[in-house]
There are 2 protein chains.
Amino acid sequence: MKNAQVTIRDLALKLGVSISTVSRALRNASNVDPEKKKHVLELAEKLHYQPNRVAQNLRIKRTNTLGVVVPQINLHFFSSVISGIQEYAATHNYGVMICQSLESLEIEQSNIQMLVANRVDGLLISLSSETDSYDHLQALLDKRIPVVLFDRVTESVHANKVIVDDHDGASKATEYLIQTGCRNIAYIGGPEHLYISNQRLKGYTDALQRNGIALDDDFVFHCHDLKNDVMSAADQLLSGNKRPDAILCLNDPVAIQVMQVFKSRNIRIPDDISIIGFTDEPVSQFIEPSLTTVSQPADEIGRVAAALFLEQMDQKDDFKPVTKVLATELLIRNSTRII
Amino acid sequence: MKNAQVTIRDLALKLGVSISTVSRALRNASNVDPEKKKHVLELAEKLHYQPNRVAQNLRIKRTNTLGVVVPQINLHFFSSVISGIQEYAATHNYGVMICQSLESLEIEQSNIQMLVANRVDGLLISLSSETDSYDHLQALLDKRIPVVLFDRVTESVHANKVIVDDHDGASKATEYLIQTGCRNIAYIGGPEHLYISNQRLKGYTDALQRNGIALDDDFVFHCHDLKNDVMSAADQLLSGNKRPDAILCLNDPVAIQVMQVFKSRNIRIPDDISIIGFTDEPVSQFIEPSLTTVSQPADEIGRVAAALFLEQMDQKDDFKPVTKVLATELLIRNSTRII
DNA sequence: GTGAAAGCGCTAACAC
DNA sequence: GTGTTAGCGCTTTCAC
């Protein structure tokens, strides 16, 4: 950026050739005298020439950069996804700009706006928990900017998506709870409009039904605030006239909060209540008792999302959005009873 | 990027004014008829005009983007730093491109190269554990590209730095171990060339000395591979003829590994051996026993690094690199004996 | 207050 | 095979 950066013009001048020859040599294009090419390359090396990507980008109308928006960078799940994206992108000569929405729709919108202004070639987005309108996403599609939604997706938008099989994960988890003898199983989920929360809820209710267990509405919670609402959900479950013997939680952080509440009330886990989370945060294997959870392949989600984007870049014209569903795995640890 | 993006030329045409007037109105420059300005702004709004930052960047020779390179994105410490950087940057109208070196010098170099090619305004870098030559950093300084090193820094480079007071942290930790009655205290560190590892070592040795405890070379380990070497260090400590009664570890992951080894050998923590880590990973408060550790303000490091960069952007001319040293805090938990 | 024009560094016709 | 030229979309002199 500074002064002093060498340009192809400098090279051309010193070599007594035209800038187009230099340009061609650099990109080792079709027709250029091997001898001259060699000289150009050597001089470029010697002068530490670095192509100005900003200029290139303006000219070729693409940036080889992709934008990613996540709710919060320093949640292990998201940083793992980002790690996966970055690694995949790097090997395909792409850079990545990151933003975090901090669970705010407004920030999410301005993030996207900023990325678009920077003309990223595509956007990989995981929605904020607050996001319940999708105009800003639709606007991207209308501009034919490739979008891949991951993890926190919505059915309202016709874009590429990569998710894990939340329904199956929740179903397996619930099924397991039933196998271990639980019959009064509660679900503490997220906001109603959150796709993953609904899928998990559905997996849970389907498993109950398959096993002839009636769904109890008092056992289902939709938490908007993943802090306070979770606390009060846990409280309610304890003070209700029917006590659950197991709880399926939206994710590990929720599960851990619930565990803390229970511990402080001397409720034994898993003897009194079994608890299952979702995600497999690194904490979960170390907490006491270690948390049974449904693991999601975070890095893989990132890689697949990036790959999906690259595919779309190729086909562009007749592109049909796809949804990749990745498998989950039930990790049985010590927060649930044994069979 | 796509077709269809509105340009100032489109606005000018529709409004029957020149593009320079539009440009001025948009950036609400000095002299422009308020009436016309209003029209421009309205039309821009209506047509969803978005300035092409790539073109702007080329013209004004800066990108309002900063590049960050960390060893691994999905380590909690680094993702927290990134989060801090991103948040600070966003409020100052900066974007951020991220890369991870995966602890490889070669990748670190190509990351930096890529970011420079994209003409980021500055670089915030935490060095890979493999990095023991600094030409690639010096090259940046020579090109007068602002660089801020954080956490994993080196004394060999004359750039802005933000670190935590590792010496003091290690010193406080060692001091505390001594207070609790430990006399045979070992240190398991990282590669010799790693600044933070050395600082911590120094804090440790100084504390020993202050308390009249002789330094035992058999009690100091430099691990290059933070996995295998740590294991064998733990093994050695157990099988040596003098057994330590406490271990200060380079960081929490190292401490946790050591704990696992000890647990598998039925060594009681802290009764047989006290253990202290560094960083305060989220795991550390949940592990059994919870880990006494020296916490570092990760977000704050990110914010300060970003702030330092912005400062440097302003002064540019007569700039003197500074090193910000942030305070650490000893978090006493249950992996150490009580006083 | 406004427009014409130059140019940021590069690519890609288009001629020769 | 090589040079000339015209932009990419924007900012910023410089005249008027």
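Everything numeric here is computed off the predicted structure, so don't read it as measured data. Numbers restart at 1 for each chain; the letters A, B, ... are given by sequence-line order, proteins then strands.
Between A:Leu127 and A:Val153 the shortest heavy-atom distance is CD1-C, 4.0 Å.
With sequence neighbours left out, the side-chain contact (heavy atoms from CB on, under 4.5 Å) criterion links B:Lys38 to B:Glu42. Among residues two or more places apart in sequence or in another chain, the side-chain hydrogen bond (donor to acceptor under 3.5 Å, both in side chains) test is passed with B:Ser18 by B:Ser20, B:Thr21. Shown here are the side-chain hydrogen bond (donor to acceptor under 3.5 Å, both in side chains) partners of B:Asn160, two or more places apart in sequence or in another chain: B:Gln312. Under the side-chain hydrogen bond (donor to acceptor under 3.5 Å, both in side chains) criterion, A:Ser128 pairs with A:Thr131, not counting sequence neighbours. Applying the side-chain hydrogen bond (donor to acceptor under 3.5 Å, both in side chains) test to B:Gln113 and every residue at least two apart in sequence or in another chain returns nothing.
In this structure, A:Asp33 and A:Ile19 both approach DNA chain D, and ranking their closest nucleotides by distance from the 5' end singles out A:Asp33. Nearest-nucleotide positions on DNA chain C for B:Val17 and A:Gln50 put B:Val17 closer to the 5' end.
Just one residue in the list B:Leu310, B:Val162, B:Val322 forms a side chain to side chain contact (heavy atoms under 4.5 Å, CB included) with B:Val148, and that residue is B:Val162.
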Item to complete: Begin from the C-alpha positions of B:Ile112 and B:Leu123 and carry the test side chain to side chain contact (heavy atoms under 4.5 Å, CB included) through to its verdict.
Response: CA-CA 8 Å; B:Ile112 291 176; B:Leu123 288 145; 4.3 Å; yes
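Straight-line distance from the NZ atom of A:Lys37 to the C1' atom of D:dT2: 15 Å, rounded to whole Å. In this structure, the CG atom of B:Asn31 is 14 Å from the C1' atom of D:dC16, given to the nearest Å. Atom CG of A:Leu26 and atom P of C:dG9 are 15 Å apart (whole Å). Spacing between atom CG of A:Leu15 and atom C1' of D:dG3 amounts to 15 Å, rounded to whole angstrom units. Atom pair B:Gln56:CD and C:dG9:P shows a separation of 17 Å (rounding to whole Å applied). Protein atom CG of A:Asn52 is 8 Å distant from nucleotide atom C1' of C:dC8, rounded to whole Å. Atom CG in B:Leu58 sits about 4 Å away from atom C1' in C:dC8, given to the nearest Å. For the pair A:Asn118 CG and D:dC8 P, the interatomic distance rounds to 20 Å; values are reported in whole Å.
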Identify all pairs in which a protein N or O lies below 3.5 Å from an N or O of nucleotides 13-15 of chain C, and state each distance.
none

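Judged as a ring-ring contact (aromatic ring centres under 6.0 Å, His included), not a single pair has a partner in residues 116-161 of chain B (not counting sequence neighbours). Residues in residues 87-132 of chain A take part in these ring-ring contact (aromatic ring centres under 6.0 Å, His included) pairs, two or more places apart or across chains: A:Tyr88-A:His92, A:Tyr94-A:Phe309.
Residue A:Tyr49 places at least one side-chain N or O closer than 4.0 Å to OP1 or OP2 of C:dC10. Phosphate proximity of C:dC8 to B:Arg119: absent, as no side-chain N or O sits under 4.0 Å from OP1 or OP2. Contact check, B:Lys61 against C:dG7: no side-chain N or O comes under 4.0 Å of OP1 or OP2. Distances shorter than 4.0 Å separate none of the side-chain N or O atoms of A:Lys36 from OP1 or OP2 on D:dG1.
For the segment residues 7-14 of chain A, the set of residues with a heavy atom within less than 4.0 Å of an atom of DNA chain D is empty.
Residue A:Thr21 is in sugar-phosphate contact alone, with no base atom involved, counting any heavy-atom pair closer than 4.0 Å across all strands shown. At a threshold of 4.0 angstrom between heavy atoms, the contacts of B:Arg53 with the nucleic acid are absent.
Which of C:dC10, D:dG9, C:dA12 sits closest to the side chain of A:Ala55 comes down to C:dC10.
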